[in-house]
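Notes to accompany the following structure.
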Amino acid sequence: MQSLVRKLALAASALLALTLVFYLAVGPTGEGTGHHLPEWRWSGNFWKGGKMPYDFPSDVGYPGPTQKGPPSQLAQEDTVSQSGAVKKPWNPLPLEIALPDAQSQYGNFEPFLHMGPLTPYAASSGFGIDDGKYGRMPDGCIIEQVHYLSRHGSRYPTSGSPANLIRDLLGQSPRPVFSGPLSFLNAYRYRLGKELLVPVGRQQLYDEGVSAIISYGNLIYEDIATFGTLFARAGSQHRIVESARNWLAGALGVGGTWENSSTLEIQIEADGFNTTLAPNFACPNAGKAGWEVGNAWKEEWINDYAKAAVERLQPYVKGVTLTPKLINALQQVCSYDTVAGFDSTALCSLFTKEEWLGYEYAWDLEFYGGYGSGSSVGPAQGVGWLNEMLARLEGQAWDPRLQTSENSTFDAHPRTFPVDRRFYVDFTHDSVIANVLAALDLPAFARELPVHRPDPQRMYRTSQLVPFGARLIVEKLQCQASSRFPAVTSNNVTEGRFIRMKLNDALLPLDSLSACASEKRKDGVCSMDAFLKSYEGRMERVKWERCFEK
Ligand SMILES: *[C@@H]1O[C@H](CO)[C@@H](O)[C@H](O)[C@H]1NC(C)=O
Ligand SMILES: *[C@@H]1O[C@H](CO)[C@@H](O)[C@H](O)[C@H]1NC(C)=O
Ligand SMILES: *[C@@H]1O[C@H](CO)[C@@H](O)[C@H](O)[C@H]1NC(C)=O
Ligand SMILES: *[C@@H]1O[C@H](CO)[C@@H](O)[C@H](O)[C@H]1NC(C)=O
């Protein structure tokens, strides 16, 4: 009997070991990458959500295409920080963002702060308001309500990224031969997955949640006390949901706490579905040449700025003709390798300060002309979120006559589109924040970008607008009458209410809105009445119908 038990136990553990070996060899789902970390948690194609006491299931699916990459081991790979280079204080990320000869090569210039939407989160240096003077809460005001729109954290390249050009180039047979400053490419391995949040992206969103609960904890806990949960929304793509979960964990705590104290409403991002968190899916002309000009402008500019690098580096490559496009793609791989936790110093050091500024401007042109005011369908895609924000700001049900990219199934229902909260948080993409900024119609971000002549004073700098972990925050203030906040004599609901907005920790110049200008404020604040008045004509201005024109 005893020996039978022992035999069974032996057989069982052998089976277990076999299963484990098999599991490690084959791994969980993943596009044949052969890597084995079950770090991305979803059940089949369906999300397992938190508490969702709603008519809609939390298992909505539609995570988008994704592909895992191998884990990084920077402690082993990185030789730079061990040689004494100091990690930069501006961004305490555990990444290799110190280049070996940075001082002699770049002086005080920081390439990693100029990587457009691939810039790891860093506070903006400002949008024309004196943040040092006006950043703190004005005397006599309290924050009554907050609308918080966050981008996801650092991720792998998207499916159609130019980074694929480098993967394909290095996969060519025979492999191109590199020499001189490019010699490192002979042994270089392309290791990037696709679309997924990378570990540092989790950190960015967790930290962001921590900073949100420190900044706005009273409002958030008041919602939890009154309604049972904090109300949050996210697009269904994998990295967006992961970002939301990490933000909520940072804000509310792990171990079941955030799941129990928040409601995460996941909205489907896929063709034919409406959601203001990915309005392109409801706008058929989004991304089409002829309706947006960002891609064409970007390509023209890449031909300008990357020409010198082609000439400089071509002598060190046999088997490939370098092009400006490939130079830009190499710069993108530098950005992506860095946030994935690979040692990218050899690749990143290849480029000059002017080339990093050129790279940044290529992103600016792509975003301004593709999603911003330079696109004929850019503002139209941002107005859905703006409509929702204004409804929540006024505490009024969403108006179905304004229908653009909103999903009316959610928005017509107070349980799935509540308008009585203190704090709202939504998770989305860089392109959507660019859309919303275009719909907000701030002149500083509407000014045209000349394709061949970057203006170093421009406000439209994607590194400052939509870095990984970007956040747009609308604060509704209630202020006692004072010389800075003159009393409103009428008895209407917005009396004593003011609006203040921040993008990446810097105040936005609301005084530049049409109806706010007469208040002549230098602190970026605008009375709620004038703020609302500035947007009365928004539907005529943004022209949603252009999404459907032939
Ligand atoms: C979360 O809610 C469940 C169900 O009510 C409960 O069993 C669990 O203890 C809660 N967890 C925390 C951390 O509050
Ligand atoms: C709106 O959202 C609901 C819930 O996810 C979904 O069932 C419905 O198909 C969506 N409708 C549109 C037009 O996107
Ligand atoms: C989705 O958006 C389209 C275009 O604005 C609109 O015609 C349709 O009614 C919307 N459907 C839902 C369910 O929101
Ligand atoms: C509220 O009062 C302000 C100041 O008198 C006025 O300008 C505004 O038009 C009023 N708004 C409404 C909706 O009555």
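Side chains included, hydrogens not; waters and symmetry mates left out as well; all remaining heavy atoms used. Because the structure is predicted, anything quoted here is derived from the model rather than measured. Numbering of residues begins at 1 and proceeds along the displayed sequence. Counting convention: from 1, in listed order, for ligands and their atoms alike.
The pair Glu242-Arg245 meets the salt-bridge criterion, with a side-chain N (NZ, NE, NH1 or NH2) lying under 4.0 Å from an Asp/Glu carboxylate O.
Using bins of under 30°, 30° to 60° and over 60° for the plane-to-plane angle, the ring pair Phe423/Tyr148 lands in the tilted bin.
The shortest contact between atom 3 (C) of ligand 3 and any protein heavy atom is with Asn274 ND2, 3.6 Å. Closest protein heavy atom to atom 5 (O) of ligand 3: Thr404 O, 2.8 Å. Nearest protein heavy-atom neighbour of atom 13 (C) of ligand 3: Ser408 OG, 3.3 Å. Counting only heavy atoms of the protein, atom 7 (O) of ligand 3 lies nearest to Gln403 CG, 4.8 Å.
Close approach of ligand 1 to Gly256 (heavy-atom distance below 4.0 Å) involves ligand atoms 13 (C). Residue Thr257 approaches ligand 1 through these ligand atoms, each under 4.0 Å from one of its heavy atoms: 13 (C). Ligand-side atoms of ligand 2 in range of Phe410: 2 (O), 4 (C), 5 (O), range being under 4.0 angstrom from any heavy atom. Less than 4.0 angstrom separates some heavy atom of Gly255 from each of these atoms of ligand 1: 13 (C). Listed by number with element, the atoms of ligand 3 under 4.0 angstrom from any heavy atom of Thr409 are 13 (C).
Annotation: Phe531 is in aromatic contact with Tyr535 [ring centroid separation under 6.0 Å]. In summary, the aromatic rings of Tyr206 and Trp247 are positioned with their centroids too far apart to meet the 6.0 Å limit.
Annotation: the span from Arg422 atom CZ to Tyr216 atom OH amounts to 14.5 Å, rounded to 0.5 Å.
Within a 4.0 Å radius of atom 11 (N) of ligand 1, the protein has at least one heavy atom.
For the residue pair Ser236 / Gln267, no side-chain donor-acceptor distance below 3.5 Å is found, with atom types taken as modelled. With 3.5 Å as the limit, one finds a donor-acceptor pair spanning the side chains of Glu519 and Ser527.
Below 3.5 Å of separation, one finds an N or O of Asn260 facing an N or O of ligand 1. Residue Ser405 has no N or O atom closer than 3.5 Å to an N or O atom of ligand 3. Residue Asn407 places at least one N or O, backbone or side chain, under 3.5 Å from an N or O of ligand 2. Where the criterion is an N or O separation shorter than 3.5 Å, residue side chain and backbone included, Trp544 meets it with respect to ligand 3.
Taking the ring axis of Phe427 as reference, the NZ or CZ atom of Arg233 does not stay both within 45° of it and closer than 6.0 Å to the ring centre.
Residue Leu196 forms a side-chain contact (heavy atoms from CB on, under 4.5 Å) with just one option from Gln67, Arg239, Lys68, and that option is Lys68.
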